[in-house]
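We name chains A, B, ... by the order of the sequence lines, and we start the count at 1 in each one.
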Amino acid sequence: MSLAVTIKEAASSAIKELYAIELGADDITLNETKPEFEGDYTIVLFTLVKQLRKSPDALGKEIGDKMVLSEPSLFTAYNVIKGFLNLSIADTYFTIYLQKNSAKGLTGKVTPTGKKVMVEYSSPNTNKPIHLGHLRNNFLGWSVAQILKAAGNEVMKTCIVNDRGIHICKSMIAWELFANGATPESTGIKGDHFVGDYYVKCEWQIRQEAAELSAKVDADDYAAFSDANKQKLIELKELSSAIAGDTDKDKERLKKIEDDKKEIIRAATPLMKRAQQMLVDWEAGKPEVIELWKKMNGWVYKGFDVTYKRIGSDFDKTYYESETYLLGKQTVEEGLAKGVLFRKEDGSVWIDLTAEGLDEKLVLRRDGTSVYITQDLGLAEEKYKAFPYDKSLYVIADEQNYHMKVLRLILQKLGMPYADGIFHLSYGMVELPSGRMKSREGTVVDADDLVDEMVKEAAKKTSEKSKVDEFSEAELNELYETIALGALKFFLLKVDPKKRMVFNPEESIDFHGFTGPFIQYTHARLKSILRKAEVSEQFAIGNMQLETLEKELLLLLEQYNDVLQQAAMEYNPAAIANYIYSVAKVYNSFYTVHSVLKAENEEKKQLRLQLCKLTANVIKEGMGLLGIKVPERM
RNA sequence: GGUCCCGUAGUUCAAUGGAUAGAAUAGAAGUUUCCUAAACUUUAGAUGCAAGUUCGAUUCUUGCCGGGACCA
């Protein structure tokens, strides 16, 4: 049982004895005591005033007296200031804790919850390489899965690969047109980048064609368009000429008209038509299209494998959209039978979510083809069959909030037993100082490039510091990777997932302060000490007096399990990151003030060695939860 | 037009309704005969605006202003 819980229970039993009122641990507000006051933990008395009908000061005195009296080995003193009851915890509590825990690692202590949790994350598209935004997703998903495992859950990591669709066809078309049979092997370009380049080429070409078509449209040449679209374009033209365009509202309307026009023109370009046709051929299973598709996706997967391995993402099960995109139609049928869904006159199927404050939502087109949400309905079913979960997390960016809300609602209305367990772990987008990353404008930060650059930076910094002269080249390279990825992962995980964050390529690559390398460095220093002296587990340290910083450190270390539980409950790796950082920070302060190897006496030395060992363990495990390795030396 | 999210030092991030709002960076000033100075110490600097609930509000409610996302 953690110290915080122990204190709460002690308080609640004191209150019970004093006032014959039963309070649960949750009714007691417990904080760490602010440094300017005497004490370690603080009970906020205001919350108790109403129920116990006494002044805060009187309550503090009575409860404090009672607690110190009934558990003298735990509480050594108390004071009451302005409605706060500050309790001092006996040093022996910490020394005993230290002795118990320094020897063993911390993992495996948690009791299994018996709960199954599925975590879906990463979910890449096979038309472009992984970028910075994906990295946040990958790190977050992996870390949350790890945290949930550590908290005693059975976890299954899944990935849904978006391997079909019009965007995939675009890369294929461009490759056919421009590649002359080139391959990743022949060019030496990583497969995912290779394919991504053709996607970009295709987009670029489409824009050229669209510009030409647009000029024709402006000259009233509609030869390239169907009658219906010709009509629409003419209408749009008339509409826009009717708008004055000087107010903001007008400008907005004009922009919308312009966008509609662009969309129609884009769709009429030869390349878009070809891509559309290719998608039809793909769905029809046309052999040469399927073959090309397999070949190009194969290149992409080879590239992804390299990146995934490097950044440490892995999955227990991978779903492919090409295999799931037809799913969900049966679910729609069931929904119709149950009357949850309804069919409109044109044959399309909808769900009415107006009662929930949302709109009507299309779930099946009138020609019977799927929309995005159709297959998500089907995939949800598949996932539950494969792993009957209590919770199913979808790690998806917050731009999908509406979509995920609808998905969950539909499944709930259909009465699916797993619907309530669905949770959208929504995270904010990563932005650049100049704003949102846009692949069309080429402002996307590529993951491979970014990691390379950080490795280079890590190598430079390490050679400046040079405490690893005896390392082989292979060991050095491993160290650089460890530091670079440590910096990157920590940077992306230290922020609350829900919040949008800004990545500044120049400034964010930092190895000082609140960063991964700072913690890695602290760990290396710890290990350096531990290599120089034997830690004797048998040594009795039970009755020693603690220095302020020793106690402060132990107080923090003792909270490890509570923090883990909290992080698991909130699906929030940032809670771990913040905690580990404060551990490292306090340790560094301790390190400068007190010597371990040259401690005042042998007992102190042993105590501090054990303290070092426990600190190193906590740092290693905590960083492990974030997917960050800590080096033995750096 | 509708729904949702976000506004905290110059900048990037913290803060289960609790005490004088924490860090990091950038700025200023220091600390290497001693376990790794990627460290440590000192210093200055912030809750968008206006009401409300409360003993107490960065946190909850409402309105406004500003930024973003989505739906149509």
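Across all strands shown, A:Tyr521 has heavy atoms under 4.0 Å from base atoms, whether or not it also approaches the sugar-phosphate. Looking at heavy-atom distances under 4.0 Å, A:Val596 makes contact with a base. Residue contacts for A:Met429: at a heavy-atom cut-off of 4.0 Å it reaches no nucleic acid atom on any strand shown. Heavy atoms of A:Lys499 sit under 4.0 angstrom from primed sugar atoms or phosphate atoms, though from no base atom. Residue contacts for A:Lys585: at a heavy-atom cut-off of 4.0 Å it reaches the sugar-phosphate backbone alone, with no base atom in range. Nucleic acid contact class of A:Arg633 (heavy atoms, under 4.0 Å, all strands): base. Among the protein residues, A:His523 comes within range of no part of the nucleic acid, since none of its heavy atoms lies under 4.0 Å from any strand. Nucleic acid contact for A:Ser528: base, since at least one base atom lies under 4.0 Å from a heavy atom of the residue.
Which of B:A38, B:U36, B:C40 sits closest to the side chain of A:Ile529 comes down to B:U36. Checking B:A39, B:C70, B:A38 against the side-chain heavy atoms of A:Phe518 singles out B:A39 as nearest. Distances from the side chain of A:Lys405 to the nucleotides B:U12, B:U3, B:C70 place B:U3 closest.
Across the strands present, B:A39 finds its partner in B:U31; the criterion is a Watson-Crick or G-U wobble pair with both atom distances under 3.5 angstrom. The nucleotide B:U20 finds no pairing partner, because no Watson-Crick or G-U wobble arrangement with both distances shorter than 3.5 Å includes it.
Residue A:Arg608 places none of its side-chain N or O atoms closer than 4.0 Å to OP1 or OP2 of B:C35. Remark: A:Ser589 is in phosphate contact with B:U41, judged by side-chain N or O atoms under 4.0 Å from OP1 or OP2. Within the 4.0 Å cut-off from OP1 or OP2 of B:C34, not a single side-chain nitrogen or oxygen of A:Lys598 is found. Residue A:Lys532 places at least one side-chain N or O under 4.0 Å from the OP1 or OP2 atom of B:U36. The phosphate of B:U25 has neither OP1 nor OP2 within less than 4.0 Å of any side-chain N or O from A:His512.
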Report, one pair per line, the protein and nucleotides 17-21 of chain B atoms (nitrogen or oxygen only) whose separation is under 3.5 Å.
from: B:A19; atom 1: OP2; to: A:Lys34; atom 2: NZ; distance (Å): 3.1
from: B:A19; atom 1: N6; to: A:Thr42; atom 2: OG1; distance (Å): 2.8
from: B:A19; atom 1: N6; to: A:Asn86; atom 2: OD1; distance (Å): 2.9
from: B:A19; atom 1: N1; to: A:Asn86; atom 2: OD1; distance (Å): 3.4

Which protein N or O atoms sit under 3.5 Å from an N or O of nucleotides 65-67 of chain B?
from: B:G67; atom 1: N2; to: A:Arg500; atom 2: NH2; distance (Å): 3.2

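No donor-acceptor contact under 3.5 angstrom links the side chains of A:Gln51 and A:Tyr19, judged on distance only. Side-chain contact check for A:Glu570 and A:Gln566: at least one donor-acceptor pair (N or O, by modelled atom type) lies under 3.5 Å. A donor-acceptor contact closer than 3.5 angstrom is absent between the side chains of A:Lys8 and A:Ser12.
Between A:Glu632 and A:Lys256, it is A:Glu632 whose nearest contact on RNA chain B lies nearer the 5' terminus. Across the interface with RNA chain B, nearest-nucleotide mapping of A:Asn401 and A:Glu360 shows A:Asn401 to be the residue nearer the 5′ end.
The P atoms of B:U33 and B:A38 are separated by 16 Å, rounded to the nearest whole Å. For the C1' atom pair drawn from B:G56 and B:C4, the interatomic distance equals 30 Å after rounding to whole Å. Nucleotides B:C6 and B:A24, compared at atom P, are 26 Å apart to the nearest Å. Taking atom P on both nucleotides, B:C5 is separated from B:C40 by 38 Å, rounded to a whole Å. Taking the C1' atom of each, B:G30 and B:A37 are spaced 13 Å apart, rounded to whole Å. On the P atoms, B:A57 is 16 Å away from B:U47, given to the nearest whole Å. For the P atoms, the distance linking B:A46 with B:U8 amounts to 14 Å, nearest Å. If you take atom C1' in B:G45 and the same atom in B:U54, they sit 31 Å apart, rounded to whole Å.
Between A:Arg408 atom CZ and B:C70 atom C1' the separation is 19 Å, expressed in whole Å.
Between A:Phe514 and A:Phe490, the ring planes are perpendicular. Angles over 60° get that label, and only those under 30° would be called parallel. Ring pair A:Tyr372/A:His403 is perpendicular by interplanar angle, where above 60° counts as perpendicular and below 30° as parallel. Note: A:Phe491 and A:Phe503 have perpendicular aromatic rings, judged against thresholds of 30 and 60 degrees for the angle between ring planes.
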Criterion salt bridge (charged side-chain N to carboxylate O under 4.0 Å, His left out) on A:Glu552 and A:Lys585, from CA distance to verdict: CA-CA 11 Å; A:Glu552 201 182 321; A:Lys585 188 124 182 71; over 6 Å; no
Verdict with supporting geometry, A:Arg366 and A:Val349, side chain to side chain contact (heavy atoms under 4.5 Å, CB included): CA-CA 7 Å; A:Arg366 65 178 172 193; A:Val349 181; over 6 Å; no
Audit row: A:Val563, A:Ile576, side chain to side chain contact (heavy atoms under 4.5 Å, CB included) steps and yes/no: CA-CA 7 Å; A:Val563 173; A:Ile576 304 278; 4.3 Å; yes
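Between A:Phe84 and A:Phe37, the ring centre distance reaches or exceeds 6.0 Å.
Enclosure of atom CD in A:Glu399 by more than 12 non-hydrogen atoms of other residues, nucleotides or ligands within 6.0 angstrom is indicated.
Atom CD1 of A:Ile410 and atom CD of A:Gln412 lie 11.0 Å apart (nearest 0.5 Å).
Contact of A:Thr462 with B:A38 (side chain to base): a donor-acceptor pair of N or O atoms is detected under 3.5 Å.
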